[in-house]
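For the numbers below, each heavy atom of this structure counts, side chains included, while hydrogens, waters and symmetry mates do not.
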Amino acid sequence: MMSKALSTREKWLLLVLAVLLVVAVYYLFVIRPTSEVIAASKEQIATIDDNLIVEEAMAKRINDMKAELSTVDRGNPRYAETPDYDNIQNVLDELSRVFPASSEPKINFSNLTFNEQSVALREIQISFVAGSYSSAKQIIQTLYSGPYRCDINRITIRPTESNGSNIVNEPVTASVSVIYYEIVRGGQSAE
């Protein structure tokens, strides 16, 4: 073998090449994998933060639902159960309670209708005279918050013919349409 002494320039070039080789190996096996792990970790943190926000929103929604259900559990009549079909006697008893015999309301029953979810819709038009707007409003609120699920629409409150246009302190004539809901169960006849 031939052995030749390396010149100073060649020694410097080999030294620079060795340093470059060490830096390249360090970059390939240390810096690059570490930066990839850091980037992946940052991505996972962003995903976890997003999931945390979604979970917090769901937890808030669940707590709101629990609070709403607790009002139902306290007997809030607005969330009364829908009674079984043919609840007419109970509805009449409720109307008798809301409208004493002295108020003489005019009550008209529409034909019973059924929707596709096996729910009977019992619509009743009621006209009555009340001492003032606030008492008419109270009667309507009492109907709405009764023990049987219902919707109230087509509300009209107007002054009686004798008092002109004052509805605050004078008698008023009111009319409402109340729809009571009843569930038609498997063994019940809807006729």
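When the side chains of ILVMFWY residues are joined at heavy-atom separations under 4.5 Å, either directly or via intervening members, L92 and I152 end up in a single hydrophobic cluster. Taking hydrophobic clusters as Ile, Leu, Val, Met, Phe, Trp and Tyr residues chained together by side-chain heavy-atom distances below 4.5 Å, I179 does not share a cluster with I155. By the rule that hydrophobic residues join a cluster once side-chain heavy atoms approach within less than 4.5 Å of another member, F109 and Y181 end up as members of separate clusters. Hydrophobic clustering, with ILVMFWY side chains joined whenever heavy atoms are under 4.5 angstrom apart, keeps V119 apart from V91.
Scored by the side chain to side chain donor-acceptor pair (under 3.5 Å) test, T173 finds no partners at all (sequence neighbours excluded). In this structure, the side chain to side chain donor-acceptor pair (under 3.5 Å) partners of D64, at least two apart in sequence or on a different chain, are K60. Remark: Q125 engages N108, S110, E123, R154, S177 in a side-chain contact (heavy atoms from CB on, under 4.5 Å) (not counting sequence neighbours). In this structure, the side chain to side chain donor-acceptor pair (under 3.5 Å) partners of E94, at least two apart in sequence or on a different chain, are R97.
Side-chain contact check for I107 versus L95: some heavy-atom pair is nearer than 4.5 Å. Inter-residue side-chain proximity for L121 and F114 is flagged as unmet; no heavy-atom pair is nearer than 4.5 Å. The closest side-chain heavy-atom distance from F128 to V172 is not below 4.5 Å. Side-chain contact check for L143 versus V176: some heavy-atom pair is nearer than 4.5 Å. Side chains of I139 and F99 form a contact here, defined as non-hydrogen atoms less than 4.5 Å apart. Contact check for V178 versus D151: no side-chain heavy atoms found under the 4.5 Å cut-off.
Atom OG of residue S134 and atom CD of residue Q141 lie 13.0 Å apart, to the nearest 0.5 angstrom. Here S118 contributes atom OG and E182 contributes atom CD; the two are 13.0 Å apart, rounded to the nearest 0.5 Å. From N90, atom CG reaches atom OH of Y148 across 3.5 Å, with rounding to the nearest 0.5 Å. To the nearest 0.5 Å, atoms CD (E55) and CD1 (I62) are separated by 8.5 Å. Between the OG atom in S145 and the CD1 atom in I140 there is a gap of 12.0 Å [rounded to 0.5 Å].
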Going through the checks in order, is the side-chain contact (heavy atoms from CB on, under 4.5 Å) test met by I126 and K106? CA-CA 6 Å; I126 305 170; K106 293 178 185 161; over 6 Å; no

N/O donor-acceptor pairs under 3.5 Å from side chains in residues 7-33, not counting sequence neighbours:
unit_1	atom_1	unit_2	atom_2	d
S7	OG	E10	N	3.4
E10	OE1	S7	N	3.1

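For CD of E36, the number of neighbouring non-hydrogen atoms (other residues, nucleotides, ligands) closer than 6.0 Å is greater than 12. Surrounding CG of N63 are more than 12 heavy atoms belonging to other residues, nucleotides or ligands, all under 6.0 Å away.
Side-chain polar atoms of Q89 and D93 form a donor-acceptor pair below 3.5 angstrom.
In the hydrophobic clustering, where aliphatic and aromatic side chains (Ile, Leu, Val, Met, Phe, Trp, Tyr) are joined below 4.5 Å either directly or transitively, V54 groups with M58.
Residues Y180 and C150 approach most closely at CD2-CB, 3.7 Å, considering heavy atoms.
Of the candidates T47, D49, I53, N51 forms a side chain to side chain contact (heavy atoms under 4.5 Å, CB included) with just one, namely T47.
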